[in-house]
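Inspection log for the structure reproduced underneath, given as structure tokens.
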Amino acid sequence: MRKIAVYDFGSQYSQLIVRRFRELGYYAELLPPSAPFPSDGVAAVLSGGPASVYDESAPFPHSSLFESDIPILGICYGLQLITYLLGGKVAPSTRKEYGPADLKVLEENHLFRGLPKRFRVWMSHGDRVEVLPNGFEVLAHTEGSPYAAIHGRGRFFGVQFHPEVSHTEYGREILKNFADFSGLQRFWTPQNVVNMLEKEIKRKVGEDRVLLALSGGVDSTVLGYLLKRAIPGQAVFVFVDTGLLRWGERERVKRLFPEVRILDARERFLKALRGVIHPEEKRKTIGRIFVEVFSEFAESLQPKPRFLAQGTLYPDVIESVSVVGPSAIIKTHHNVGGLPEDLGFELLEPFRYLFKDEVRAVGRSMGLPNEIIERHPFPGPGLAVRIIGEVTPKRLKRVRLADRIVEEEVRKSGLYDKVWQAFAVLVPVRTVGVQGDYRTEGEVIAVRIVESLDGMTADWSRIPHDVLRRISERITGEVPGINRVVYDITSKPPGTIEWE
Ligand code: XMP
């Protein structure tokens, strides 16, 4: 597919560059720094990165890039690479620029077409360009960077600032101008993506059958809908009821997929979790039982479907290949749905080139209701990691009821779509209270509501006090065994979002 190839030199914003192009309708993919230029590429972007072009281990692009005649845009380190490799000079700045800077445009050129002469941009660099290569001109400068934007030899563009971050005014317009210069068409729309995915699934699956485990989450739900459309009647849907799910989950899945096969494994999970207190052991136990239940079911299917569909997303794919790249990525979690490879299926992963927001757009374009599309993330091991200490039926009931109340009240207040997650955690602390005329002893519910862009970092939400009050009143009033509610005011880092 014709695309912009974005080379990842290790900037924390590399994925963002790809997302921005796609939001604008231009298809882009992220590649490791030394990858050759793809035969279907129409332009390249060199991302920022932590290295200095003079470092011994500085990553350089593949020679095919500079030997071709495609347009190239260098961002930050990318601009320095272009300068250095084409004979200019890069040196450490006397004044490092971090944060906002005032950009003055000297030459409109293609890159700044239609933009004002001055605007605010976002900088983050130690080195800067000192001497331009032959055949280059300066397009814009800031106080700290005399060459904040450059253009040369027809096809090379470079910016010292980061057009991909939202703090850069007109950043999107700059990326759009570059993409237009490359001649790429804007075909990356949700409708087109749905059509392409459908075609691809039909082509790959043919007349065979596909097995999909639904979890109630956004990815597997959208994938299920897509399979129904692309290969009607050929998909087998299965839902493992672990007993560790949110209120009403099983019924919700059943409503959306009336044909789903439900595997009631609640007893089995509870039994395996008896006496398990350590968080990692809990996760492992749940993962193990899930695989057992799922495999037994898969084995029992006659004839066995040829494919297993999974909602793997692009960031997972990038993470697993980026070991070759310099970008230091912390892999956080493996989902419980992470099934072993030896189940004897061929994998079908239609979303492996999509970001989460694109999966949502695909779902929306197929007419799925917002309530499903905008659902908060939920950990694979479920409520078990929100029950500190042992998982018992009584404690599961407490946390599930409390969780439902938190969700309902946050929805009622109109804040659901504004926060990343909102949930309840059961804390095994004996606490004294008075309820009615009685002195009670109960457990504590901690309410956790956080704002985040990607779950990697998060801040606790400054939720209005009256919403917290309603949550607290309802939990102490409606959940047996709870007589105290606290609000978690820890950001991530140092805390994690979940308590376990
Ligand atoms: P933490 O707690 O590490 O969580 O700050 C970050 C995001 O990941 C979710 N999470 C999980 N998701 N399996 C998952 O699929 C897990 O074991 C798991 N643990 C945490 C968490 O809800 C948050 O959105």
Side-chain angles (χ1 to χ4, degrees), residues 12 15 212-223 239-240 242-247 249 253 269 272-273 276-291 294 310-317 319-320 329-340 349 351 355-357 359-360 373-388 391 399-400 402-404 406-407 410 415-427 446-461 488-500:
Q12 54 175 324
Q15 285 194 26
L212 171 67
L214 296 166
S215 71
V218 179
D219 304 335
S220 67
T221 307
V222 175
L223 183 51
F239 174 78
V240 179
T242 61
L244 308 170
L245 299 163
R246 284 173 280 194
W247 182 277
E249 194 71 63
V253 170
F269 279 91
L273 285 169
V276 178
I277 289 183
H278 195 273
E280 275 313 299
E281 203 189 330
K282 257 185 209 171
R283 276 199 162 75
K284 282 206 186 100
T285 307
I286 295 165
R288 179 170 51 82
I289 303 294
F290 188 91
V291 169
F294 185 84
Q310 292 199 321
T312 315
L313 299 184
Y314 194 42
D316 304 324
V317 177
E319 284 188 23
S320 51
I329 288 162
I330 313 153
K331 179 80 199 162
T332 41
H333 303 290
H334 290 279
N335 212 331
V336 160
L339 295 161
E349 297 178 315
F351 296 159
F355 290 103
K356 186 96 183 180
D357 42 0
V359 170
R360 293 202 166 102
I373 303 288
E374 295 301 341
R375 207 132 187 249
H376 288 167
F378 184 68
L383 297 176
V385 292
R386 295 180 181 169
I387 293 177
I388 315 305
V391 178
V399 83
R400 184 178 286 122
D403 187 68
R404 178 191 181 192
V406 175
E407 180 172 334
V410 169
L415 293 169
Y416 187 86
D417 290 340
K418 301 198 174 71
V419 301
W420 173 260
Q421 270 170 305
F423 57 86
V425 179
L426 184 65
V427 188
V447 175
R448 183 88 166 125
I449 305 178
V450 295
E451 286 165 30
S452 172
L453 286 177
D454 52 11
M456 302 293 274
T457 59
D459 197 6
W460 56 280
S461 181
D488 183 347
I489 51 168
T490 322
S491 57
K492 172 182 178 175
T496 48
I497 296 177
E498 305 289 345
W499 275 38
E500 280 196 343

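Quick caveat, the model's predicted, so the values are computed rather than measured. Note that ligands are numbered from 1 as they come in the structure, with each ligand's atoms numbered from 1 the same way. The figures that follow rest on heavy atoms only: side chains count, while hydrogens, waters and symmetry mates do not.
In P381, the part holding a heavy atom less than 4.0 Å from any atom of ligand 1 is the side chain.
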TODO: Decide yes or no on side-chain contact (heavy atoms from CB on, under 4.5 Å) for W499 and T490, but give the supporting numbers first.
DONE: CA-CA 11 Å; W499 275 38; T490 322; over 6 Å; no
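Judged purely by atom type and a 3.5 angstrom limit, T285 has no side-chain atom pairing as donor or acceptor with the backbone of A272. A donor-acceptor pair under 3.5 Å links the side-chain atoms of R400 to the main chain of G243, judged by distance alone.
Annotation for ligand 1: atoms under 4.0 Å from non-hydrogen atoms of G455 are 6 (C). In the vicinity of K492, heavy-atom distances shorter than 4.0 Å reach the ligand 1 atoms 1 (P), 3 (O), 5 (O), 6 (C).
By heavy-atom distance, the residue among E280, R283, E498 lying nearest atom 19 (N) of ligand 1 is R283. By heavy-atom distance, the residue among Q421, K282, M456 lying nearest atom 23 (C) of ligand 1 is Q421.
For ligand 1, the polar-atom distance check against I497 finds a nitrogen or oxygen pair separated by under 3.5 Å.
Salt bridge absent: R448 and E500 never bring a charged side-chain N and a carboxylate O closer than 4.0 Å.
W420 counts as a contact of ligand 1, since one of its heavy atoms falls under 4.0 Å from the ligand.
Separation of atoms CD1 (I449) and OH (Y416) is listed at 11.5 Å; rounding is to 0.5 Å.
Other residues, nucleotides and ligands contribute over 12 non-hydrogen atoms within 6.0 Å of the CH2 atom of W420.
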